Novice: 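Before I ask anything, here is the structure I am working with.
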Protein chains: 2
Amino acid sequence: MEKYLKILKEKGIKVTAQRLEILRFLDTHHTHPSADEIYIELKKRSPALSKTTVYNTIQSLKEHGLLNTVNVDSHESRFDSVINPHHHLLCSACGNVIDIEIECPYTRKMLAGGHRIDEVHGYFKGVCKDCLGGE
Amino acid sequence: MEKYLKILKEKGIKVTAQRLEILRFLDTHHTHPSADEIYIELKKRSPALSKTTVYNTIQSLKEHGLLNTVNVDSHESRFDSVINPHHHLLCSACGNVIDIEIECPYTRKMLAGGHRIDEVHGYFKGVCKDCLGGE
DNA sequence: CTTCAAATTGAAATGATTACAATTTGACAA
DNA sequence: TTGTCAAATTGTAATCATTTCAATTTGAAG
Ligand SMILES: [Mn+2]
Ligand SMILES: [Mn+2]
Ligand SMILES: [Zn+2]
Ligand SMILES: [Zn+2]
């Protein structure tokens with residue numbers, strides 16, 4: 001509650017009820033939701049919410065470094081308020097996007113072949129541990 | 001010419017003029033073109049070409065392992081007939097997609113945290129060597 | 001309380017991709 | 001060579017995520 005208000009104020013982002021709700025949702029649901037999933041869920045408690053506001057807020061939070069976009073699924077973007085560098089797996093069985101914490105040396109930003117690297121995205125496609133029916 | 005005909009026959013893909021042209025274009029232009037770029041370019045010499053055919057052919061070639069999709073640019077897919085595993089950089093200055101040949105241990109498919117990995121995609125965003133104006 | 005730039009809203013536009021039905025074509029056999 | 005037919009091609013229309021836009025509302029400052 002106060003936590004999100006504080007985050008917005010620290011970043012100098014104007015505080016609105018919609019931004020607080022979206023920020024809270026992302027912070028309490030680490031499921032890498034799409035814009036539509038955020039919209040559907042929050043509209044239950046805030047029926048006046050507009051999908052445009054979801055997109056606007058996502059962009060604002062992204063510009064201030066409070067969330068990252070996950071494009072492992074090419075047909076829609078997903079969003080992640082966990083901003084420490086990590087990779088993602090899209091499970092073709094359950095559709096979930098799962099965090100992959102691997103020690104890839106390129107997880108941290110650096111130079112590769114003379115190019116300047118600003119962002120690193122590691123995307124895997126496969127079948128998650130749970131769907132494999134493992135022990 | 002004969003090269004592409006041979007490739008299609010070996011894979012058991014029915015040979016058509018459109019498939020030969022698209023395959024040749026991808027093999028001679030390693031620029032990671034979008035479906036629209038392939039369409040625009042080939043339509044110059046084959047005015048009857050349909051964009052649907054470009055999409056259909058891309059899917060067919062992909063299913064037979066003759067091309068990969070590059071989704072470093074979230075708003076449109078790009079295509080690559082170089083099928084050995086490698087990563088990609090999207091330059092925010094010139095818009096080009098450049099191959100990144102790095103020794104990431106996850107370039108080859110393997111298991112990570114109990115999940116089964118079928119595809120590995122490494123996407124970088126930044127500014128390419130040429131646009132940096134470096135020596 | 002007033003003010004006003006910024007945020008929100010809903011509707012319309014955009015743009016990549018897919019679905020579909022009619023037409024054409026490639027491979028094969030007569 | 002010709003006939004056949006499943007598969008490929010084509011153009012149009014539909015889909016769907018995302019963006020644009022103008023009107024309305026709201027948060028923060030004074
Ligand atoms: Mn994540
Ligand atoms: Mn490539
Ligand atoms: Zn799964
Ligand atoms: Zn460049």
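To find a chain, count down the sequence lines: A is the first, B the second, and so on, and within it residues start at 1. Since the model is a prediction, treat every value here as computed from it, not as a measurement.
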Novice: Against Gln18(A), only a single residue in Leu42(A), Thr53(A), Asn56(A) fulfils side-chain contact (heavy atoms from CB on, under 4.5 Å); can you say which?
Specialist: Thr53(A)

Novice: Hey, which sits more toward the 5' end of DNA chain C by its nearest nucleotide, Glu76(B) or Thr16(B)?
Specialist: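 By nearest-heavy-atom nucleotide position, the 5'-most residue is Glu76(B).
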
Novice: Closest nucleotide of DNA chain C for Tyr55(B) versus for Gln18(B): which of these residues is on the 5' side?
Specialist: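 That would be Tyr55(B).
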
Novice: State whether Arg19(A) places a side-chain N or O below 4.0 Å from either non-bridging phosphate oxygen (OP1 or OP2) of dG27(D).
Specialist: no

Novice: Okay, side chain of Ser34(B), backbone of Glu76(B): is any donor-acceptor separation there less than 3.5 Å?
Specialist: no

Novice: Under 30°, 30 to 60°, or over 60°: which ring-plane class applies to His121(B) and Tyr123(B), parallel, tilted or perpendicular?
Specialist: tilted

Novice: What is the distance, to the nearest angstrom, from the NZ atom on Lys14(B) to the P atom on dA6(D)?
Specialist: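 Rounded to whole Å, this separation is 11 Å.
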
Novice: Roughly how many Å is it from CD in Gln59(A) to P in dA17(D), rounded to a whole number?
Specialist: 19 Å

Novice: So does Thr53(B) get a side-chain nitrogen or oxygen closer than 4.0 Å to the phosphate oxygens (OP1/OP2) of dT10(D)?
Specialist: yes

Novice: Measuring only between side-chain heavy atoms, which start at C-beta, is Thr16(A) closer than 4.5 Å to Thr57(A)?
Specialist: no

Novice: Name the nucleic acid region contacted by Ser60(B), choosing base, sugar-phosphate or nothing; use a 4.0 angstrom heavy-atom cut-off, strictly under.
Specialist: nothing

Novice: Do Ile58(B) and Ile38(B) have side chains that approach each other closer than 4.5 Å (heavy atoms only, starting at C-beta)?
Specialist: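 Sidechains of Ile38(B) and Ile58(B): in contact.
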
Novice: Can you figure out which of dG11(D), dT9(D), dT18(D) approaches the side chain of Asn56(B) most closely?
Specialist: dT9(D)

Novice: Between Ser34(A) and dA17(D), does any side-chain N or O lie under 4.0 Å from OP1 or OP2?
Specialist: no

Novice: Indicate yes or no: at least one non-hydrogen side-chain atom of Leu20(A) is less than 4.5 angstrom from one of Leu8(A).
Specialist: yes

Novice: What are the bounds, 5' to 3', of the part of DNA chain C that sits under 4.0 Å from heavy atoms of chain B?
Specialist: dA16(C) to dA27(C)

